[in-house]
Amino acid sequence: MEERSTIDENDEIDLLELVRAFWHRMWLILLAAIAGGGIAWAYSRYILTPQYEATAMLYVLSKETTLTSLADLQLGSQLTKDYQVLITSRPVLEEVIDSLELDITYKKLRAKITVDNPSDTRFLNLTVEDPDPFLAKQIVDKVATTSSDYIGDIMEMVPPKLIEDGEIPIKQSSPNNIRNAILGVLAGAMLVCGIIAVEVLLNDTVCTEEDVAKYLGMTVLASVPLREGEKKESRREKKKNAAAGGKKKGASGKQGEKGA
């Protein structure tokens, strides 16, 4: 038991051995990386649905007459946080669905909307993502106007002003085919590297003098390697023995036929 515990304590991961294993199978790692990148690119290009984003901008006002007062600036900054919640509230989204006659629930519509407030500003950026670029613009414009009216009625304050309406997006926002391909390359390479590393770590075959000391806890006093000529002679002898054995079997078979 003491010997076994001593061997376990001496077990270490040989990084140089891992590097050598990776280098010897570099062709396999590159092949897996190329395959992973190709599969990820094809999946992103032909299977995933392209999405388009349209963005509108609102400006938060607390008073119309004292826009430069410090209290107005502080109040307007705090109102932006409340407006972010009200813009995606259920009454606003249900009114947008009814107005545009959308076949969608308000929860799914809420998932398409992103409200962003740039730091130290009173601007609200409304972004809608949809597979149809024209519908994305219609939804973001309707959400902006509807939420502005709703906030003015509920909070009885000056509603946020629509500074910039949405534009019809030309380029898709997602998926990013190049990024997905790069992720596929990394995933394929990491998968093969992980398999190789596990194989090296689980391989307890005794191959070198270090392995004898590591796994058996014994010290190698001397080693006598075979010469190359001896190896060739042993192979020739095996071939000769195999050929001789085949001739003997053939001769015994003929003798058996004659005897019969």
Side-chain angles (χ1 to χ4, degrees), residues 1-53 111-112 114 116 118-119 127 129 131 169-246:
M1 295 296 293
E2 294 179 357
E3 182 181 359
R4 180 61 182 174
S5 61
T6 304
I7 295 174
D8 292 339
E9 290 177 357
N10 294 331
D11 288 346
E12 296 178 356
I13 298 176
D14 191 352
L15 297 180
L16 184 59
E17 184 180 0
L18 284 177
V19 172
R20 289 174 180 172
F22 292 153
W23 177 255
H24 289 313
R25 299 188 182 180
M26 184 59 66
W27 64 272
L28 184 59
I29 297 175
L30 295 177
L31 182 62
I34 295 173
I39 293 174
W41 183 87
Y43 181 80
S44 177
R45 176 67 176 82
Y46 298 105
I47 297 179
L48 294 180
T49 303
Q51 300 290 330
Y52 297 87
E53 289 184 352
K112 294 175 176 289
T114 303
D116 181 35
S119 59
T127 303
E129 188 178 55
I170 300 176
K171 296 182 179 180
Q172 67 182 41
S173 59
S174 65
N176 191 331
N177 298 330
I178 297 178
R179 182 188 63 186
N180 292 337
I182 294 175
L183 293 176
V185 169
L186 295 177
M190 291 178 62
L191 178 61
V192 175
C193 289
I195 295 175
I196 295 174
V198 171
E199 182 181 356
V200 172
L201 294 177
L202 295 180
N203 184 14
D204 55 356
T205 304
V206 178
C207 300
T208 62
E209 299 177 3
E210 291 79 5
D211 293 340
V212 174
K214 179 178 179 181
Y215 297 111
L216 303 180
M218 302 173 63
T219 302
V220 178
L221 299 178
S223 60
V224 182
L226 294 176
R227 291 178 297 179
E228 185 177 357
E230 293 178 348
K231 291 182 180 179
K232 292 181 179 179
E233 290 177 0
S234 62
R235 291 178 181 175
R236 292 175 182 175
E237 290 177 359
K238 290 180 180 180
K239 292 181 179 180
K240 290 180 179 180
N241 293 333

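Numbers here are sequence positions counted from 1.
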Which value, rounded to the nearest 0.5 Å, describes the distance between Trp23 atom CH2 and Leu16 atom CG? 13.5 Å
Heavy-atom distance under 4.5 Å between the side chains of Pro131 and Tyr52, does that happen here? no
Before accepting this row, confirm whether a basic side-chain N of the pair Glu53/Lys112 lies closer than 4.0 Å to the acidic partner's carboxylate O. no
Hey, does the side chain of Gln172 reach the backbone of Pro175 with a donor-acceptor pair shorter than 3.5 angstrom? yes
Tell me, do Arg20 and Arg25 make a side-chain contact under 4.5 Å, heavy atoms counted? no
Please determine whether the number of non-hydrogen atoms from other residues, nucleotides or ligands lying under 6.0 Å from atom CD1 of Ile178 exceeds 12. no
Check: residues 26-49 side-chain donor-acceptor pairs under 3.5 Å, at least two apart:
| residue | atom | partner | partner atom | Å |
| --- | --- | --- | --- | --- |
| Ser44 | OG | Asn177 | OD1 | 2.6 |
| Ser44 | OG | Asn180 | ND2 | 2.9 |

